[in-house]
Amino acid sequence: MTYNFNAIEAKWQKYWAENQTFKAENTSDKPKYYVLDMFPYPSGAGLHVGHPLGYIASDIYARYKRHQGFNVLHPQGYDSFGLPAEQYAIQTGQHPAVTTKANIATYRRQLDQIGFSFDWSREVRTSDPSYYKWTQWIFIQLFNSWYNKNTDRAEDISELIKIFEAEGNTSVNAICDAAIDAFSAGEWQGFTAEEQQRILLQYRLTYLAETEVNWCPALGTVLANDEIVNGVSERGGHPVIRKKMTQWSMRISAYAERLLQGLEKIDWTDALKESQRNWIGKSVGAEVFFPILSFPKGEAKADASTRAGYMTGGNNSGARGISVFTTRPDTIFGVSFMTLAPEHELVSQITTEAQKEAVEAYVLATAKRSERDRMADVKTISGVFTGAYAEHPFTKAPIPIWIGDYVLAGYGTGAVMSVPCGDERDYAFAKHFNIPIPNIFGGVDISETAFSDKSNTVIANSDFLNGLNYKKATKRAIYELEKLGQGEGKTNYRLRDAVFSRQRYWGEPFPVYYVNGMPQMIATEHLPITLPEVEKYLPTETGEPPLGNATTWAWDTKTNTVVANTLIDNETIFPLELNTMPGWAGSSWYFNRYMDPTNTEAFASKEALDYWQDVDLYIGGSEHATGHLLYSRFWQKFLFDKGVVPTDEYAKKLINQGMILGTSAIIYRVSGTNTYVSLGLKDAHNVEEIRVDVSMVNASNEIDVDKLKAWQPQYSDAEFILEDGKYIVGREVEKMSKRWFNVVNPDDIVADYGADSLRLYEMFLGPLEQYKPWNTAGITGVHNFLKKLWKLYVGDTGLKVDETAPTKDHLKTLHKTIKKVQADIENFSFNTSVSTFMIAVNELTQQKCSSKAVLEPLLILISPYAPHIAEELWGQLGHSTSISTVAFPEFDESHLVESSKNYPISFNGKMRFTMELGLDLNKDEIEKAVLAHEKTQEQLGGRTPKKVIVVPGKIVNIVG
RNA sequence: GCUCAAGUGGCGGAAUUGGUAGACGCGCUGGAUUCAAAAUCCAGUUCUUUCGAGAGUGUGGGUUCGAUUCCCACCUUGAGUACCA
């Protein structure tokens with residue numbers, strides 16, 4: 001009987017499906033364990049061998065946990081809203097729902113044949129109305145919430161309204177829009193309903209705001225930054241302009257500090273935490289107010305920095321001036337100028353007549369440059385003096401106000417206090433424009449460069465700060481500023497609120513309609529609001545999003561149904577939102593839905609949430625570090641605040657699997673000919689590298705020339721110059737991509753070698769987290785291993801396993817393997833456990849082991865990795881139920897105890913020979929035995945050893 | 001520029017706390033089997049070598065009886081991020 005992997009794998013996949021072997025129950029006596037994969041976007045191309053890597057790893061872990069007696073939740077689903085399906089629809093007219101469904105079917109077939117232990121009864125699809133009903137529900141919850149800084153959590157908007165009614169907004173400590181006018185309780189009650197709504201929108205966790213976007217008029221759509229090349233669209237090369245659009249935003253900034261703090265308690269990789277920290281970008285410092293000395297234009301409007309209530313209690317309330325954010329309040333006496341972003345709203349107000357022309361020209365020039373240009377060009381120093389002066393808070397000296405494009409309007413207050421002696425950019429700016437550079441650091445020479453080393457700072461020439469270090473000076477400066485009412489300690493975050501609107505078709509519709517331009521939520525009992533049908537998936541001619549093409553897209557507030565647009569009367573029937581939600585909406589909470597995927601009353605029942613709690617192990621790619629993995633933490637914290645999920649971090653441990661790269665095959669065409677030379681001959685010619693399909697190349701990098709000739713017509717009559725009768729290709733490791741012809745389809749691997757071989761090989765390639773190249777040639781190694789494994793159990797005449805008692809050697813091999821494999825799984829070191837299996841099978845074959853007492857536990861060890869062959873042999877051993885929940889073998893140290901050790905004998909740290917010595921010998925006895933050895937005398941060559949290091953059980957080192 | 005990760009045979013990679021560098025596999029070389037090939041099995045495979053031995057984990061230093069492992073500096077590659085005040 002030979003190892004017929006195709007038949008075996010089909011048989012057991014059918015068995016698992018029919019018996020629902022991996023169905024997880026929401027109640028159990030067993031402890032729970034939740035293993036989650038990042039669910040895939042089902043693209044039309046299907047899976048290549050790189051995709052299953054993380055799924056195989058998580059499947060091994062899930063299966064291991066079942067052997068350990070856990071009730072394991074291991075679900076899978078599809079992130080099925082997205083751009084590719086929409087673009088395909090634009091080109092072909094095929095409804096995205098149709099292509100998505102077909103793609104999912106392909107994915108499912110491909111996943112099934114790899115033998116994953118997913119509980120498919122819990123499958124979710126983000127594009128399914130029964131799923132996105134709850135995405136819409138969460139959106140409404142966010143709309144109905146505000147962030148109370150005093151309690152440090154999200155609260156219901158009705159609480160805020162109560163406060164407004166009782167005392168106005170002056171005592172409210174919320175994370176909200178920057179400039180909100182103060183009002184009293186009386187004023188609040190005097191506002192119209194619409195005015196009240198407008199104010200509330202500034203506090204809600206999801207809100208409408210004017211956002212600058214990259215608008216491409218020719219394509220009629222908004223483009224992401226990376227879709228723009230040199231100021232024109234990547235597709236088509238159309239001009240792109242900055243345009244303000246009203247869009248939904250998510251107030252993720254409210255959670256900046258908690259997102260940062262939460263990283264401390266989760267076991268994610270340092271690299272990933274670091275990039276999230278970086279993205280959140282916390283900086284601690286102070287906001288400082290500088291009154292403006294001259295206002296040539298007379299009356300100025302109220303703005304962010306002169307708003308009522310700002311810096312109350314000081315003697316400058318009501319004064320006009322500039323607020324800056326600084327991380328170095330200790331250097332305040334080093335300020336010699338100030339710089340505003342060219343876009344800063346005060347610029348036009350403070351500029352003097354004499355400087356007006358220069359300033360306006362500069363502002364215009366900056367506006368023309370794209371953000372990308374501005375960022376790329378960091379070397380050129382440019383700026384213009386406004387002619388205006390501000391007053392230093394302490395010295396009261398006048399400080400010239402400049403504008404410069406190195407100051408960004410979007411960060412901090414869009415203005416900086418420039419301390420050239422302590423900041424490189426300020427230093428360069430001052431040098432360039434001949435602005436004085438006062439030195440406020442003791443014992444530091446600043447004639448060549450700025451001094452920005454906080455830890456070695458001693459402040460000088462700074463009045464009350466003299467002699468203080470960075471920490472003390474910062475504290476004192478803030479204290480003095482607060483006393484003056486011209487500043488306060490402040491923490492700034494780089495994290496921006498996330499734009500939540502997309503001008504796309506294939507996404508979740510918003511449960512929103514508009515009354516007099518004000519957004520209204522549809523009551524949750526009427527959800528889902530399903531995506532309308534449209535004729536075309538492109539934006540409308542007037543530039544509205546694709547949903548603008550829908551003819552039935554209005555909300556009837558009487559019947560609570562979606563009705564035809566023609567019925568809109570703006571009295572009871574209103575227009576619905578035309579944008580859709582972004583790709584990250586559905587993926588920000590799906591892990592909770594798996595706990596109770598068919599619930600129609602809630603996104604998951606309280607019982608299910610309480611039982612499963614959170615994800616114990618999450619495996620996925622690191623490319624989601626500052627996208628999905630941040631947004632989902634944000635939503636989880638919000639849902640936690642609302643009391644609907646039990647934990648505020650949803651994934652205890654996260655592992656990033658690396659990418660599997662392709663190994664492209666390259667042939668060399670002699671320039672200007674149709675002649676191709678083998679790799680070793682290419683240097684003698686002027687050649688072009690051409691990539692060809694990797695499937696035509698064997699393990700020795702030799703291409704099958706006949707296949708190549710048949711592959712594409714230009715090769716059919718080409719000439720090939722061989723070496724040693726072979727055509728050898730060059731190889732290049734790069735991303736798998738159709739255009740490099742290096743994509744390997746798992747279907748082919750499964751057909752040729754089986755799913756168990758594929759699983760083992762993907763693990764055997766190298767450490768899970770690492771990037772590593774795929775080369776199909778190497779798979780014969782693990783495939784041969786499976787054949788050897790099979791032969792250990794099954795001979796020509798049938799099963800070879802019997803009841804003979806295991807020998808000492810058998811048990812030693814088995815227990816060594818148990819120990820190593822268990823440790824490997826727990827460390828996610830799957831590559832080394834595959835090696836361990838190979839060693840075990842090689843040894844047991846050598847030992848001619850047929851003992852059931854050894855071979856049965858061995859099967860359990862292997863079953864998470866190669867479940868099909870394990871199930872089959874398990875069945876042949878006489879078991880009638882699946883191996884998947886059998887207890888993992890217990891490791892017994894006593895089988896590994898040795899009586900002697902083959903000591904390495906080193907001379908000056910270099911191992912020269914080994915020597916078998918009893919482990920019962922003490923140091924002196926070992927030393928004596930080693931020194932007596934003839935090879936020792938040979939090595940010493942007559943010298944006397946200076947020192948002999950003996951580490952019993954480890955090593956002997958002779959120095960001299 | 002900054003942050004993080006990583007540099008080990010022809011290739012993928014191994015080496016729990018510093019203790020026999022190169023496990024396991026691919027490829028390669030030789031042999032057995034075969035009419036032949038595939039498959040399978042056996043032996044060898046870091047480099048140098050005067051066959052005694054010597055060198056060797058990106059480079060240069062350091063700590064140590066002993067360093068792939070710890071420390072310092074540098075080089076290279078990959079990832080992220082960037083005029084963030």
Side-chain angles (χ1 to χ4, degrees), chain A residues 269-279 281-283 285 324-328 331 339 374-381 404-408 410-419 422-426 428-429 452 492-494 622-623 625-626 656 658-659 663 698-701 731 733 760-761 764-767 769-782 784-785 787-788 791 820 823-824 827 829 831-839 842 902-914 938-939 945-951 953-960:
Chain A
T269 61
D270 289 339
L272 206 142
K273 287 186 184 181
E274 198 52 39
S275 65
Q276 290 210 346
R277 282 192 196 106
N278 217 312
W279 194 258
K282 179 179 183 176
S283 42
V324 301
F325 174 73
T326 177
T327 55
R328 297 296 302 275
T331 64
T339 316
R374 232 170 115 176
M375 282 197 287
D377 181 21
V378 296
K379 295 265 153 60
T380 319
I381 295 159
D405 68 359
Y406 79 96
V407 178
L408 304 176
Y411 184 76
T413 61
V416 301
M417 59 175 225
S418 301
V419 183
D423 182 278
E424 289 297 341
R425 290 154 311 168
D426 295 347
F429 195 90
S452 53
N492 216 7
Y493 299 91
R494 197 169 65 91
S622 58
E623 66 272 20
T626 53
N656 294 125
M659 195 184 288
T663 311
N698 74 7
S700 313
N701 294 333
R731 312 230 69 163
V733 172
L760 283 175
Y761 190 50
F764 188 61
L765 280 178
E769 302 91 334
Q770 199 165 299
Y771 279 51
K772 54 220 168 225
W774 174 275
N775 192 341
T776 304
I779 201 172
T780 52
V782 292
N784 283 341
F785 157 73
K787 287 201 241 177
K788 278 190 217 166
K791 278 194 205 161
K820 175 77 175 139
D824 281 347
N827 293 319
S829 175
N831 54 325
T832 50
S833 35
V834 178
S835 306
T836 306
F837 292 138
M838 290 174 171
I839 293 167
N842 287 343
N902 196 22
Y903 277 91
I905 312 301
S906 309
F907 291 81
N908 299 317
K910 280 264 164 210
M911 201 283 288
R912 292 305 177 211
F913 64 92
T914 60
E938 212 173 278
Q939 279 290 335
K946 285 193 192 115
K947 205 171 176 185
V948 179
I949 310 278
V950 177
V951 185
K954 285 249 163 104
I955 198 169
V956 177
N957 190 21
I958 298 167
V959 187

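Proteins get letters first, then strands, A, B, ... in listed order; numbering begins at 1 in each.
- With B:G66, B:C24, B:U40 as the choices, the nucleotide that has an atom nearest any side-chain atom of A:K791 turns out to be B:U40.
- Taking only side-chain atoms of A:N831, from C-beta outward, the nucleotide of B:G13, B:G25, B:U40 with the closest atom is B:G13.
- In this structure, A:T914 reaches the bases: a heavy-atom distance under 4.0 Å links it to at least one base atom across the strands shown.
- Which of B:G27, B:A85, B:C65 sits closest to the side chain of A:I949 comes down to B:C65.
- Minimum heavy-atom separation, A:S418 to A:Y406: OG-OH, 3.6 Å.
- Taking 4.0 angstrom as the limit, A:N957 places none of its side-chain polar atoms (N or O) nearer than this to OP1 or OP2 of B:G19.
- Side-chain atoms of A:S835 and A:T832 form no donor-acceptor pair, as typed in the model, at a separation below 3.5 Å.
- A:T327 and A:S283 share no donor-acceptor pair across their side chains, judged by distance under 3.5 Å alone.
- Across B:A82, B:C83, B:C24, the shortest atom-to-atom separation from the side chain of A:N842 is found for B:C24.
- Heavy atoms of A:Y771 sit under 4.0 angstrom from primed sugar atoms or phosphate atoms, though from no base atom.
- If you take CG of A:N908 and P of B:U64, they are 15 Å apart, rounded to a whole angstrom.
- Within 4.0 Å of A:N784, counting heavy atoms only, lie sugar-phosphate atoms of the nucleic acid but no base atom.
- For A:Y411, the side-chain atoms get nearest to B:A85 when compared with the rest of B:A85, B:A14, B:U20.
- Within the shown strands, B:C42 is the pairing partner of B:G30 under the Watson-Crick or G-U definition, both distances less than 3.5 Å.
- Taking 4.0 angstrom as the limit, A:Q770 places none of its side-chain polar atoms (N or O) nearer than this to OP1 or OP2 of B:A6.
- The side chain of A:P767 sits closest to B:G13 out of B:U20, B:G27, B:G13.
- The side chain of A:E274 sits closest to B:U3 out of B:A23, B:U3, B:C84.
- For A:R425, taking side-chain heavy atoms from C-beta onward, the closest of the listed nucleotides B:C84, B:A39, B:G56 is B:C84.
- In this model, the phosphate group of B:C4 is not approached by any side-chain N or O of A:S275 to a distance below 4.0 Å at OP1 or OP2.
- Annotated as syn: B:G52, whose O4'-C1'-N torsion sits within 90° of 0.
- Note that NZ of A:K772 is 7.5 Å distant from CG of A:N831, once rounded to the nearest 0.5 Å.
- Nucleic acid contact class of A:N775 (heavy atoms, under 4.0 Å, all strands): none.
- Using the Watson-Crick or G-U wobble rule with both distances under 3.5 Å, B:A15 pairs with nothing in any strand shown.
- Checking the phosphate oxygens (OP1, OP2) of B:A85, a side-chain nitrogen or oxygen of A:S283 falls inside 4.0 Å.
- When heavy atoms are screened at a 4.0 angstrom cut-off, A:T339 is found touching no nucleic acid atom at all.
- Nucleotide B:G62 carries an anti base; the chi torsion (O4'-C1'-N9-C4 or O4'-C1'-N1-C2) is more than 90° from 0.
- For A:R912 and B:G54, the shortest distance from a side-chain N or O to OP1 or OP2 is below 4.0 Å.
- At the heavy-atom level, A:K946 lies nowhere under 4.0 Å from the strands shown.
- In the interface, the side chain of A:K954 is not paired with the base of B:G66 through any donor and acceptor atom under 3.5 Å apart.
- Pairing for B:C2 goes to B:G80, judged as Watson-Crick or G-U wobble with the two contacts each under 3.5 Å.
- For the atom pair CZ (A:F429) and CG (A:D423), the distance works out to 12.0 Å, reported to the nearest 0.5 Å.
- Across all strands shown, B:U50 forms no Watson-Crick or G-U wobble pair with both key distances under 3.5 Å.
- Between the side chains of A:N775 and A:Y761, not a single donor N or O lies within less than 3.5 Å of an accepting N or O.
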